[in-house]
Amino acid sequence: MIALLIRDLRLAVRAGGGFGLGLAFFLLVAVIVPLGVGPEPAVLARIAPGILWVGALLACLLSLDRIFALDFEDGSLDLLATSPMPLEGVVAVKALAHWLVTGLPLVLAAPVLAVLLNLPGAGFLWLVASLALGTPALSVIGAFGAALTVGVKRGGLLMSLLVLPLYMPTLIFGAEVVKRGAAGMAVATPLALLAGITAGAVALLPFASAAAIRVNLR
Amino acid sequence: MEMWVKDLSVARAGIPVLEAVSFRLLPGQALVLRGPNGIGKTTLLRTLAGLQPALAGEVVVGAESVAYAAHADGVKAVLTVAENLAFWAAAYGTDAVAGALAAMNLEALADRRAANLSAGQKRRLGLARLLVTGRPIWVMDEPTISLDQASVMLFAGVVARHLAAGGSALIATHIDLGLEAEVLDLTPFKARAPQAGGRIGAFDEAFG
């Protein structure tokens, strides 16, 4: 299991692995939005939580189809499925690797980019907290979507259509945490719901993903 | 560790391709599967490897005893030869990387990225993976594709040593490996059409 995690991280950071793709996209969104919306600090402060969360979500979505598609194409997925590792574990580890490569850099970069969007000072802590709690769900749900569409030629669009609705609760509660945090209001309720979604997704979806892969490999 | 296949019927995409295949693979034995293209060799091997369910029949085989080598090698292009093997060794909980490199004549290439290997060298790396699994029953789908004559002989030697050590091998191939192996021609097991009394596929059962 550890070996698979190390392999996936190695594949991600080597040439063509897609590391930094999501981060670069997130950076572009945060830089471009103020140019498009205009420099009024009040407007930017109001839309910052939503823009940052939408940016993080789309950045995650961008690299999802790589989770299983590359292993499917070169035959590794067949071999992983016949290896002693349980497929549920393989899926969970690959989702974890996706989060370490895509989600974690977003969490770390978000406070820096929030400055560009004039997020009120009180919101920074909650931005990091909500992304740290919410992005694992994005990776696990995304792995489920990738598992459903593995083997489908040009399955990226289909996968986005499947995954985006499943992302909505995470987006709504995540952005709500930042919005309330920035306004100095209580954040406990949306934060608890966000954590609940992540915990549920991490606990249940690897089983669904593994079942989907087994069906797709037949 | 033996593999016992009883009256196995297999289907590809819901359409039956082979029916009533039976054989017994004992330790130290190799069995070569032959048959024209499309007869269902790959489908049979995938079923035996556990990647798809059988339509009917039974496969009796010890748990965790089959190592499967598919058409595709599952080689990661940006990893080196040694890294590729080390991953599979870790996945199967063995440490036979050095031995596998030596056996498949890959020692000189150990630190080269798999992307820079030739097709035959990549195939040798894919076959070396079987050695690091440490599993007794090798199920191989056209293992000699893109290998030159010398590499085929090298591979035949590796299989012979595996058999001598009590392992067994099930090989779908069109060429003669020079091994002492029984040959099973799959042509007589071709699934009959439903009109001729053959089994109806899962697809037809659901919608017919």
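In what follows, chains carry the letters A, B, and so on, assigned in the order in which the sequence lines appear, proteins first and then strands, with residues in each chain numbered from 1.
- Residue-environment remark: CD1 (A/Ile2) stays at or below the threshold of 12 foreign heavy atoms within 6.0 Å.
- For chain B, no part of A/Leu77 is nearby; none of its heavy atoms comes within less than 4.5 Å.
- The choice from B/Thr47, B/Leu79, B/Thr43 that makes the most heavy-atom pairs within less than 4.5 Å of chain A is B/Leu79.
- In this structure, the separation between NE2 on A/His98 and CG on A/Leu138 is 9.0 Å, given to the nearest 0.5 Å.
- Heavy-atom pairs under 4.5 Å with chain A were tallied for B/Lys76, B/His71, B/Glu64; the largest tally goes to B/Lys76.
- Between A/Arg214 and A/Glu88 a salt bridge is recorded (basic side-chain N to carboxylate O distance below 4.0 Å).
- When only modelled atom types and interatomic distance are considered, B/Thr133 and B/Trp88 share no side-chain donor-acceptor pair under 3.5 Å.
- Counting heavy-atom pairs closer than 4.5 Å to chain B, the top-ranked of the candidates A/Leu80, A/Asp78, A/Val215 is A/Asp78.
- When each of B/Arg12, B/Glu83, B/Arg135 is checked for heavy-atom pairs under 4.5 Å with chain A, B/Glu83 comes out on top.
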- Task: Would you please test A/Arg7 and A/Asp71 for salt bridge (Lys or Arg N to Asp or Glu O under 4.0 Å) and show each step?
- Result: CA-CA 12 Å; A/Arg7 180 191 85 138; A/Asp71 278 337; 3.1 Å; yes
